[in-house]
Amino acid sequence: MSYSLCVMAGDGIGREVVPPAVAVLEKLLPGLRVVEAEAGWECFQKRGVSVPEATLDRMRECGAGLFGAVSSPSRKVEGYRSAILSLRQQLGLNVNLRPVRSWPQVSPKPGIDLLILRENSEGLYSGREHWESDGVAIAERVISRAASSRLAECAVVVAQQRQARRITLVHKANVLPLTCGLFRDSCREVLQAAGLGERVDERLVDVAALQLVQQPEAFDLIVTSNLFGDILSDLACHWGGGLGLAPSLNWGGGLALAEPVHGSAPDIAGSGRANPLAAMLSAALLVRHHWKLPELAVRLESAVERFLQEEGGIDYGCETTRQIAQGVLQRL
Ligand code: NAI
Ligand code: MG
């Protein structure tokens with residue numbers, strides 16, 4: 001079997017954390033074909049587009065990708081759309097898997113092992129924002145039965161893989177009865193048809209946030225819409241040791257794109273202090289869910305676990321990236 005990987009390092013620390021993640025994949029999969037592609041803010045400034053057609057073609061051709069991070073200005077820039085949002089929408093990467101687990105030495109609490117499944121293509125990130133009049137701006141929240149059902153179909157697969165004891169649908173249907181109601185009902189239908197109905201419960205997003213802080217070990221699989229998943233996964237990753245250890249996988253349409261949850265971190269870019277574990281653990285998700293090699297994913301995660309245990313956690317000094325990269329590679 002031959003494996004191909006489309007690598008989009010992007011901007012800022014994306015360029016620093018991606019090479020260590022590629023190195024562990026090359027060690028796990030000798031002969032891995034690695035193809036580089038452009039995406040991000042610098043790419044936009046150079047080419048006028050944040051994701052060139054050639055990048056989409058390479059990603060489709062490889063089937064699997066690794067994305068670092070990109071910078072996006074917090075103001076409207078004509079013609080610019082965040083590269084990762086474009087990739088998710090244009091490639092039909094409908095689902096985002098965001099696991100959070102306790103790691104030795106770095107987690108504030110042991111015994112946490114939860115997975116947030118976030119809808120990845122619509123919701124408030126539909127890109128439909130406009131001025132209604134002077135001083136009034138509108139963002140449209142798009143929820144469809146089709147995308148919600150696809151998310152729930154993925155939840156069925158993942159629930160079976162991890163033998164989930166509880167599947168929590170997170171929404172705000174008391175305030176948004178049409179959109180959140182459609183989301184909740186579509187997900188419930190799919191989960192019920194798969195025989196998982198008894199394990200499904202629901203939480204309103206505000207109380208879910210509180211409970212993720214109070215009692216994170218009570219959660220197993222969380223299924224939620226785009227914006228809620230974005231926010232809750234940053235909150236929950238505190239329990240896994242923070243953004244430097246938070247992995248994710250964009251998944252759908254037969255394609256998968258591994259992506260650390262963090263951004264381009266301009267405050268530390270170029271200093272050598274970026275933690276590459278989020279990118280490495282994202283690579284492990286690719287190995288497990290896309291290439292379907294769970295034993296290799298476990299090998300990588302065990303190497304990370306031993307590294308953290310034996311080195312006493314992470315030293316965010318001036319050589320963090322290099323030390324962690326070497327430490328994990330040696331234990332692989
Ligand atoms: P950020 O995730 O880049 O950084 C937040 C904080 O966490 C910073 O203090 C940073 O130094 C720290 N941090 C993040 N990753 C780290 C790592 N691997 N090791 C050590 N420390 C780490 O989020 P921020 O600052 O809100 O956004 C910066 C830029 O990134 C913005 O332009 C934003 O649009 C973009 N962004 C891109 C994302 C993506 O490409 N998927 C996701 C989130 C933000
Ligand atoms: Mg985020």
Side-chain angles (χ1 to χ4, degrees), residues 7-21 37-45 50-51 55 65-77 80-89 91 93 96-100 103 106 116-121 123-125 127 209 224-238 240-250 257-283 285 304 308 313-325 328:
V7 172
M8 289 155 269
D11 304 310
I13 65 164
R15 303 211 184 114
E16 300 164 39
V17 299
V18 156
E38 284 183 305
W41 175 245
E42 268 198 37
C43 171
F44 173 76
Q45 288 177 312
S50 65
V51 182
T55 297
L66 175 64
F67 179 89
V70 291
S71 302
S72 289
S74 302
R75 61 191 149 82
K76 184 141 182 72
V77 174
Y80 178 78
R81 174 136 175 84
S82 156
I84 187 65
L85 294 187
S86 297
L87 283 162
R88 289 169 182 163
Q89 282 169 353
L91 295 171
L93 297 162
N96 198 317
L97 284 85
R98 299 193 156 191
V100 175
W103 292 99
V106 292
I116 297 177
L117 276 189
R118 161 188 174 191
E119 204 291 323
N120 222 9
S121 60
L124 258 179
Y125 296 176
T224 192
S225 51
N226 206 340
L227 173 69
F228 296 161
D230 189 4
I231 296 171
L232 291 182
S233 58
D234 267 37
L235 183 157
C237 84
H238 169 70
L243 274 175
L245 282 100
S248 90
L249 184 70
N250 301 278
L257 180 59
E259 176 212 348
V261 170
H262 62 73
S264 59
D267 56 337
I268 58 164
S271 72
R273 286 185 292 143
N275 184 345
L277 288 178
M280 289 178 170
L281 294 168
S282 302
L285 296 178
V304 169
L308 291 170
I314 289 166
D315 171 16
Y316 279 104
C318 57
E319 292 206 61
T320 314
T321 316
R322 197 180 61 79
Q323 279 169 4
I324 297 176
V328 174

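Each ligand, and each atom within it, is numbered from 1 in the order the structure gives.
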So, do [X] and [Y] sit near enough that their side-chain heavy atoms are less than 4.5 Å apart?
X      : Y      : answer
Glu259 : Ile84  : yes
Asn226 : Arg118 : yes
Asn275 : Ile324 : yes
Leu66  : Leu257 : no
Ser248 : Leu97  : no

Is a salt bridge present between Glu42 and Arg15, judged by a nitrogen-to-oxygen distance below 4.0 Å?
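A salt bridge links Glu42 with Arg15.
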
Apply side-chain hydrogen bond (donor to acceptor under 3.5 Å, both in side chains) to Glu16 and list each qualifying residue two or more places apart in sequence or on a separate chain.
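With sequence neighbours excluded, Glu16 shows a side-chain hydrogen bond (donor to acceptor under 3.5 Å, both in side chains) to no residue whatsoever.
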
side-chain hydrogen bond (donor to acceptor under 3.5 Å, both in side chains) involving Arg98 - partner list, sequence neighbours excluded
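side-chain hydrogen bond (donor to acceptor under 3.5 Å, both in side chains) check on Arg98 returns Asn96, Ser233.
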
N, O or S atoms of the protein lying under 2.8 Å from the Mg ion (ligand 2)
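Less than 2.8 Å away from the Mg ion (ligand 2) sit Asp230 OD1.
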
Answer yes or no: is there a donor N or O on one side and an acceptor on the other, between the side chain of Ser264 and the main chain of Ile13, under 3.5 Å?
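The answer is no, because no donor-acceptor pair under 3.5 Å joins these two groups.
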
Given a heavy-atom cut-off of 4.0 Å, could you list the residues near ligand 1 in chain and number order?
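Ligand 1 pocket, heavy atoms under 4.0 Å: Ile13, Phe67, Ala69, Val70, Ser71, Ser72, Ile84, Leu243, Gly244, Glu259, Val261, His262, Gly263, Ser264, Ala265, Pro266, Asp267, Ile268, Ala274, Asn275, Tyr316.
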
